[in-house]
Peer 1: 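Please read through the structure below; I'll follow up with questions.
In this chain, numbering begins with 1 at the start of the sequence shown. Just so it is clear, the structure is predicted and the values come from calculations on it, not from any experiment.
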Amino acid sequence: MAQTVSETQPAAVVEEPEMISGGHLVAKALKAEGIDVIFTLCGGHIIDIYDGCVDEGIAVVDVRHEQVAAHAADGYARVTGKPGCAVVTAGPGTTDAVTGVANAFRAESPMLLIGGQGALNQHKMGSLQDLPHVDMMTPITKFAATVPHTARAADMVSMAFRECYNGAPGPSFLEIPRDILDNSVPVESATVPEAGHYRASTKSIGDPASVEALADLLVRAEKPVVLLGSQVWTSRGSDAAIDLVRTLDIPAFMNGSARGTLPPGDPHHFHLSRRYGFNNADLILIVGTPFDFRMGYGRRLPKSATVVQIDLDYRTVGKNRDIDLGLVGDPGAILAAVTQASSGRLQKTDRKAWFAELRAEEDAAYQKRLPRQLSDANPIHPLRLAHEINEFLTEDSIYIGDGGDIVTFSGGVVQPKSPGHWMDPGPLGTLGVGIPFVLAAKYARPDKEVVALFGDGAFSLTGWDFETLVRYKLPFVGVVGNNSSMNQIRYGQEAKYGKDRGRIGNTLGDVKYDEFARMLGGYGEEVRDPKDIGPALLRARESGLPSLINVWVDPDAYAPGTMNQTMYK
């Protein structure tokens, strides 16, 4: 009897497609972006991302509070020049991270926050921790969206990172529903952008004619000054800024992350004479810093001077104050182009008298402050504490300031010795960035020493993650300027309502932070005599542990910057 085909030929084997989950797609996209660590606090919505990170070789650093995770992602971006990433669960996990995202937004720091969300098939049903995350994040990010399908997970992560660099950098947010992360799709159906192929260069010099015009202005000016702002470091334009300042012989002031662009002692480095310099200059070049409250909304620049502004964001140029010339683009690229454009027109402009004038003002301000800076008074004057910290720093010390009045004091004294070695929250003025920034800086650059100054109020906000530093064996030298007060606010209350109402809502307990450090496995020491500050700092360095030196400072000393704040006028 004849055999049938089925009896004579084996059945065709149907190959099952290779499958991949949403969480693993997210991890692949993070790896393509160059992310080597995520900062996170665990939650059931997001654990498949962890599983993907393990496969992709991405470290998972777990913290005790989501605000810390977000601040650490911000700090990591500042230290490395790569975007940072934080991953948090839905609902309170995401809302806890809002402050960190908002701080990155005002500081123009590129980072991605990934938040969990309830499953799409439970949308609007009241699932666990369901909140309208995208609606909340939209005003404080450059991009906020929901991933609608597992196959789009990697694509949208890449999209979010691309948006971080649209104009001035900043944070993006993605919420990814639980079923999107947990579900799997065929690898061939997933969109996985190729590393290096979904972002364009941001190193634009803007209008070449404006570059030529600025070169001409700088060459011809008799009394120019330049203020180098945070975008100089964000764009990694420090070398270009140094080259311009030295080639064109221009006095330079620095603020924000640009502190340290020129080392202390450099003949072009000025620090204490900025107001005098602005008031007497004929040309003021503002690079990468907005005319916000720190600049008196532009009113501190006299109308008699020619004012030029360079910024990554078109919306910032000329905001709050008219300017004579505006250049939009990468500050480092623009400064390099201006230096190049000036090479054919350099003239023998004698600025020795202008430099001498500024240096005399600088020296006078320093001598006026010096007695308090070297004071042996007890309680310790905050300027003495700042002086001891400044003396302690090396060329490899990253300095982090986290506080109100105490850090304002330090801003006039502490001078980092290298570019990128100053970290503060930025214009949002967020307290609590200190421990997260330490975590990011020491994790990213274990070869660097990290020195942090905290106000006692600021440390209290995120201080429990000191234990995270102990757990991950990340040593740093921490100092708490302890006056048992929220002193910046106390000053304002006394100024407005009198001393009898100066202690309402701003007085803290006398906490021994040195004992707190020891309890968590770190090094702690208490200081009440100013002569003991330096030796205590050295012992903290030598301990090889996360440390806190608890320094009791004078609660009745206020920084000039605190007393000059416009909100108290």
Side-chain angles (χ1 to χ4, degrees), residues 81 168 202-271 273-274 277-278 281-290 295 301 305-312 316-317 323-352 354-355 358-359 415-422:
T202 58
K203 299 293 185 181
S204 168
I205 65 166
D207 182 359
S210 295
V211 169
E212 294 288 333
L214 177 54
D216 193 58
L217 287 171
L218 289 173
V219 166
R220 295 176 180 276
E222 294 183 2
K223 292 185 171 184
V225 295
V226 59
L227 174 64
L228 302 174
S230 288
Q231 286 184 5
V232 171
W233 174 246
T234 302
S235 68
R236 296 306 187 262
S238 302
D239 289 344
I242 293 168
D243 191 31
L244 177 132
V245 164
R246 291 176 176 169
T247 301
L248 276 71
D249 202 24
I250 304 171
F253 301 94
M254 292 150 282
N255 72 359
S257 299
R259 290 170 178 258
T261 303
L262 293 167
D266 186 288
H268 295 87
H269 176 293
F270 290 87
H271 185 56
S273 55
R274 191 170 87 176
F278 283 172
D282 61 357
L283 173 65
I284 302 172
L285 173 59
I286 306 294
V287 185
T289 196
M295 294 285 292
L301 306 181
T306 299
V307 175
V308 181
Q309 191 176 12
I310 298 172
D311 203 276
L312 278 160
T316 296
V317 176
I323 56 173
D324 296 280
L325 179 64
L327 296 89
V328 178
D330 180 86
I334 290 174
L335 293 178
V338 170
T339 304
Q340 178 64 32
S342 69
S343 61
R345 66 188 89 183
L346 285 174
Q347 55 192 38
K348 294 290 184 180
T349 303
D350 186 359
R351 292 175 179 154
K352 290 181 181 178
W354 175 228
F355 272 83
L358 283 176
R359 190 61 63 191
Q415 298 185 49
K417 298 173 175 57
S418 304
H421 285 58
W422 172 283

Peer 1: Please name the pair of heavy atoms, one in Leu327 and one in Val317, separated by the smallest distance, quoted to 0.1 Å.
Peer 2: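 That would be O-CG2, 4.2 Å.
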Peer 1: List the residues meeting salt bridge (charged side-chain N to carboxylate O under 4.0 Å, His left out) with Glu222, not counting sequence neighbours, and say none if there are none.
Peer 2: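 Testing Glu222 for salt bridge (charged side-chain N to carboxylate O under 4.0 Å, His left out), a comparison that skips the adjacent residues, returns none.
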Peer 1: Name the atoms and distances for all side-chain donor-acceptor pairs under 3.5 Å in residues 203-210, with sequence neighbours left out.
Peer 2:
from, atom 1, to, atom 2, distance (Å)
Lys203, NZ, Ser235, O, 2.6
Lys203, NZ, Asp330, OD1, 3.4
Ser204, OG, Gly206, N, 3.0
Asp207, OD1, Ala209, N, 3.0

Peer 1: Name all pairs fulfilling the side chain to side chain donor-acceptor pair (under 3.5 Å) condition that reach into residues 245-255, sequence neighbours left out, sorted by first residue then second.
Peer 2: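 Qualifying pairs, neighbours excluded: Asp243-Thr247, Arg246-Asp266, Asp249-His268, Asn255-Thr289.
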Peer 1: Looking at Ala240 and Gly332, what are the two nearest heavy atoms and their distance?
Peer 2: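 Result for this residue pair: CB-O, 3.3 Å.
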Peer 1: Side chains of Leu218 and Leu244: does their closest heavy-atom pair fall under 4.5 Å?
Peer 2: yes
Peer 1: Who passes salt bridge (charged side-chain N to carboxylate O under 4.0 Å, His left out) against Lys417, sequence neighbours left out?
Peer 2: none
Peer 1: Would you say the side-chain atoms of Asp324 pair up with the backbone N or O of Val308, donor to acceptor, closer than 3.5 Å?
Peer 2: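 Checked: no pair found.
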Peer 1: Val245 and Thr261: side chain to side chain contact (heavy atoms under 4.5 Å, CB included), yes or no, with the steps?
Peer 2: CA-CA 11 Å; Val245 164; Thr261 303; over 6 Å; no
Peer 1: Could you grab the distance from atom OG1 of Thr316 to atom CD of Gln231, nearest 0.5 Å is fine?
Peer 2: 7.0 Å
Peer 1: With sequence neighbours left out, what residues match Gln309 under side-chain hydrogen bond (donor to acceptor under 3.5 Å, both in side chains)?
Peer 2: none
Peer 1: Can you name the residues that form a side chain to side chain contact (heavy atoms under 4.5 Å, CB included) with Gln340, not counting sequence neighbours?
Peer 2: Ser343
Peer 1: Which heavy-atom pair separates Val287 from Pro331 by the least distance, and what is that distance?
Peer 2: CG1-CB, 3.8 Å
Peer 1: List for me each residue that meets side chain to side chain contact (heavy atoms under 4.5 Å, CB included) alongside Pro224, sequence neighbours excluded, and say none if there are none.
Peer 2: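 Partners of Pro224 by the side chain to side chain contact (heavy atoms under 4.5 Å, CB included) criterion, ordered by chain and then number, come out as Ala221, Ile250, Asp282, Leu283, Arg351, Trp354.
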Peer 1: Under the criterion side chain to side chain contact (heavy atoms under 4.5 Å, CB included), I'd like the reasoning laid out for Ile286 against Ile323: C-alpha separation, chi angles, the key distance, then a yes or no.
Peer 2: CA-CA 10 Å; Ile286 306 294; Ile323 56 173; over 6 Å; no
Peer 1: Of all residues at least two apart in sequence or in a different chain, which pass the side chain to side chain contact (heavy atoms under 4.5 Å, CB included) check with Arg236?
Peer 2: Trp233
Peer 1: Give the intermediate values and the outcome of side chain to side chain contact (heavy atoms under 4.5 Å, CB included) for residues Leu214 and Leu285.
Peer 2: CA-CA 9 Å; Leu214 177 54; Leu285 173 59; 4.2 Å; yes
Peer 1: Compare every heavy atom of Ala258 with every heavy atom of Val232, then report the nearest pair and how far apart it is.
Peer 2: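 What the structure gives for the nearest pair is CB-CB, 4.4 Å.
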Peer 1: What residues form a side chain to side chain contact (heavy atoms under 4.5 Å, CB included) with Ala305, not counting sequence neighbours?
Peer 2: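 Ala305 satisfies side chain to side chain contact (heavy atoms under 4.5 Å, CB included) with Ile284, Pro302 only.
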Peer 1: State which residues pass side-chain hydrogen bond (donor to acceptor under 3.5 Å, both in side chains) with His271; sequence neighbours excluded, sorted by chain then number.
Peer 2: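 His271 satisfies side-chain hydrogen bond (donor to acceptor under 3.5 Å, both in side chains) with no residue once adjacent residues are dropped.
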Peer 1: List the atom of Ser230, the atom of Ser257, and the distance in Å for their closest heavy-atom pair.
Peer 2: OG-N, 2.9 Å
Peer 1: With rounding to the nearest 0.5 angstrom, report the CD to OG distance, Glu212 to Ser342.
Peer 2: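 Between atom CD of Glu212 and atom OG of Ser342 there are 9.5 Å.
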Peer 1: What closest approach, in Å, do Ala252 and Leu262 show between heavy atoms, and which atom pair accounts for it?
Peer 2: CB-CD1, 3.8 Å
Peer 1: Measure the NE2-CZ distance between His269 and Arg259 for me, rounded to the nearest 0.5 Å.
Peer 2: 9.0 Å
Peer 1: Could you list the residues that satisfy side-chain hydrogen bond (donor to acceptor under 3.5 Å, both in side chains) with Ser273, not counting sequence neighbours?
Peer 2: Glu362
Peer 1: Can you say whether the rings of Phe253 and Phe270 are parallel (under 30°), tilted (30 to 60°) or perpendicular (over 60°)?
Peer 2: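 Because their plane-to-plane angle lies in the 30° to 60° range, the rings of Phe253 and Phe270 count as tilted.
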